[in-house]
Amino acid sequence: MNIPYIAFLWNPLIQAQAQEAKSLRDTVSRTTWLPRLDRPGLTLLTRCSTRRSLPVHVMRYASGLLIGIAFSRSSTRALTQTEITSTDTLAGSPDEVVHNLTRYYWGGFVALLASRQTGEWRVYRDCSASVPCYYMTLRGVTLVTSDARHIFSRSDWDTSSGPPRPIAVNWKYLSQFLADAQIQNRNTALTDVQELLAGETLSGGHADPSVRLAWDPTHFANHTPVVSLERKCEEFHAITHYCIEAWAHEHDWILHSLSGGFDSSLVLSLLANCRRRPHVVCINRYAPGPAEDERDYARRAASHASAPLVECAWEFEKFTFDESCLRIPFGAQPSVQSLLYPIEAAYVARLESAHHFDAMWTGEGGDHLFIAYPTTLGVTDFLALQGVGRNLLTVVEEAARLTGTSIPRLIWDGVCHRLRSSFASQFLSIWKGFNEPAGQTVAPHPWLSLADRLPPGKAEQIMLLLEVLHRHRPIAGSLDSISHHPLLSQPLIEFCLGVPTYDLLCDGRSRGLARRAFSQTMPAAIINRETKGETTHSLAGVLHRSTDFVTEFLLNGLLDNQHLFDRTLIDSLRASHTTAHNNALMPICAALAAEAWAPIWSSRSFL
């Protein structure tokens, strides 16, 4: 769910900013945009609402706006307009409201706040990052939008000179995207356009706009109450069920992407136990490759929840990349995930026509929150937090069972903190290069610099969480615009961050604590499942069948003209050796996504 929006924020006490804001507001197309609030210091315009549009609530005295859905920590019902205007915690100064939003509320929203008295304003994006938020500053006025295309599209502006800013592609960003498509930071592939990330606040008024962290994930990772595993399991179950229950109130018809894995099955099982159960139809996609057919598990989960299941083959074998299938929805950054859009879109459209669902739910985020990967960092974290405690041997034995690492090696690595130092230096060096425009030095993302003070297992979890929170950008026309990931909810994120790594991996199993907590909620076959599904094999097959097109597309493209594309990847793509081919899979996909993105923006073909 989403709603296209454009907002202007400025200091009404500064005449030059007020004049520039008036000029910008007067040139926005009023045939395309509808004003929702227009007062000194803050203007918000949105597109016409649809059944999937997010609500927009005005705060008391028109001091701000909340775009999206917010829940009180004590309720499973979303805040209404009446509650928002009557609640004292949402009626203070911009900084006070941001503080209260992080502490007493959660959901999926962006808050725009402005003080008439001081001229100070704030933009806060909640830690789920489910509502998009991009910004740029134009002669003292900050423009905030759900989609960077609104800044540059002629159809959005009533002026002969066109949009207020010309397009400039950020080739440095694209270079770093090609190196690691999963890295996230505020920069985008458009010069001067930045993204406000999860839990951040953009501040302005008397000084140039600046960004600070309002919601700090390391705060929860640093506060780990000592309670029994049984008590943690109870809290785990209660908090997860609370989040699912709350989101279930917001949807009447749900299309649930049921892979058959632990996380999507967990979401379905808890949906089935909601007091207000929406209508749910499950879909399962399968392919003939290794680990690509999970129908048996999906059927067990659907039967257990008494939910209808629709099974559909991916049919990757019928698909090849060509120019038509690379005409994909695009935003301020390219996205590898968008390459699957042509394969999914037609099928999802047919299901939507048949079922008229409100949103497509997934189990996204469970891998990162529950720790679904084998790691030895539980031992290192235990030593960092408890030293040579009486439970050290148990933790070491469980880590050995999980990873196959010898007990002496586990103890040696833990004591020497070798894993921690190599992990920190690796990630911080990547981020340092990624964030430094020519001639400037920019600090790493605050999550990274703060996480480096944590035990390394928690630091790694926070790094991975940063990526998954920003993986899906719900721009118009993309599947992400109708997708919802209920496990990526603030109460559950905070709980999992507060559980030590070695407890999340208890019993020597990935998702160990989650398996314990939900052992009575899901079928035993899924609780005990150790394998994980994927589509890597089939996607590699698509690339291999498309080798001729991919070669020509990338070797004659803009990236190659800018000397950004690594031509040796083509040799790896053509190699028959499976390892070489698979090693080139993600870099080639990143190059395809970037090459499909760049010509659209550089040629301004969407204007």
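Residue numbers run from 1 in the order of the sequence given. Just so we're clear, the structure is a prediction, and the values are computed from it rather than from any experiment.
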Proximity of [X] and [Y] rings by center, below 6.0 Å:
X      : Y      : answer
Tyr242 : Trp247 : no
Phe8   : Trp121 : no
His251 : Trp361 : yes
Trp33  : Tyr5   : no

- Which value, rounded to the nearest 0.5 Å, describes the distance between Leu101 atom CG and Cys127 atom SG? 11.5 Å
- Interatomic distance, CG@Leu492 vs CD@Glu235, rounded to 0.5 Å, equals 12.0 Å
Do [X] and [Y] make a side-chain contact, defined as non-hydrogen atoms from C-beta onward lying under 4.5 Å apart?
X      : Y      : value
Pro491 : Arg73  : yes
Asp216 : Leu213 : yes
Leu196 : Tyr135 : yes
Val58  : Leu66  : no
Val267 : Pro486 : yes
Val499 : Phe236 : no
Leu497 : Phe495 : no
Ile151 : Thr145 : yes

Would you check if there is a donor-acceptor pair between the side chains of [Y] and [X] at a distance under 3.5 Å?
X      : Y      : value
Asp95  : Ser93  : no
Lys458 : Gln461 : yes
Arg36  : Thr46  : yes
His485 : Thr362 : yes
Thr43  : Asp38  : yes

Please determine whether the number of non-hydrogen atoms from other residues, nucleotides or ligands lying under 6.0 Å from atom [atom1] of [X] exceeds 12.
X      : atom1 : answer
Asp26  : CG    : yes
Arg77  : CZ    : no
Arg116 : CZ    : yes

Would you say the side-chain atoms of [X] pair up with the backbone N or O of [Y], donor to acceptor, closer than 3.5 Å?
X      : Y      : value
Glu120 : His206 : yes
Gln490 : Asp126 : no
Asp263 : Asp367 : yes
Thr137 : Gly140 : no
Ser63  : Met59  : no
Thr27  : Ser23  : yes

Exercise: identify the closest heavy-atom pair between [X] and [Y]:
X      : Y      : answer
Ala189 : Pro334 : CB-CD, 4.1 Å
Trp10  : Val141 : CB-CG2, 4.1 Å
Val193 : Thr188 : O-OG1, 2.8 Å
Ile14  : Gly205 : CD1-O, 3.9 Å
Leu369 : Leu487 : CD1-O, 3.3 Å
Ala221 : Leu454 : CB-CD1, 3.8 Å

- Item | Verdict with reasoning, Gln337 to Ser335, per side-chain hydrogen bond (donor to acceptor under 3.5 Å, both in side chains) | CA-CA 5 Å; Gln337 285 72 29; Ser335 165; 3.2 Å; yes
- Query: Given Thr32 and Arg47, is the side-chain contact (heavy atoms from CB on, under 4.5 Å) satisfied, shown in steps?
  - Reply: CA-CA 7 Å; Thr32 305; Arg47 292 275 177 86; 2.9 Å; yes
- Carboxylate-amine/guanidinium contact Arg471 Glu364, below 4.0 Å: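 Result for this pair is yes, salt bridge flagged.
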- Query: What do the steps show when you test Thr82 against Ile84 for side-chain contact (heavy atoms from CB on, under 4.5 Å), and what is the final call?
  - Reply: CA-CA 6 Å; Thr82 301; Ile84 287 174; over 6 Å; no
- Item | Glu200: which of Arg212, Arg186, Arg122 passes salt bridge (Lys or Arg N to Asp or Glu O under 4.0 Å) | Arg186
- Out of Asn100, Thr87, Thr89, which one pairs with Tyr105 under the side-chain hydrogen bond (donor to acceptor under 3.5 Å, both in side chains) rule? Thr89
- Query: Are Gln333 and Glu195 close enough, and set up right, to give a side-chain contact (heavy atoms from CB on, under 4.5 Å), and what steps lead you there?
  - Reply: CA-CA 10 Å; Gln333 307 104 319; Glu195 181 179 15; 3.0 Å; yes
- Task: I would like to know whether Arg103 and Trp215 meet side-chain contact (heavy atoms from CB on, under 4.5 Å); could you show each step before the answer?
- Result: CA-CA 9 Å; Arg103 185 173 182 180; Trp215 179 87; over 6 Å; no
- Task: Under the side-chain hydrogen bond (donor to acceptor under 3.5 Å, both in side chains) rule, what do Ser72 and Ser75 come out as? Steps first, then yes or no, please.
- Result: CA-CA 5 Å; Ser72 165; Ser75 174; over 6 Å; no
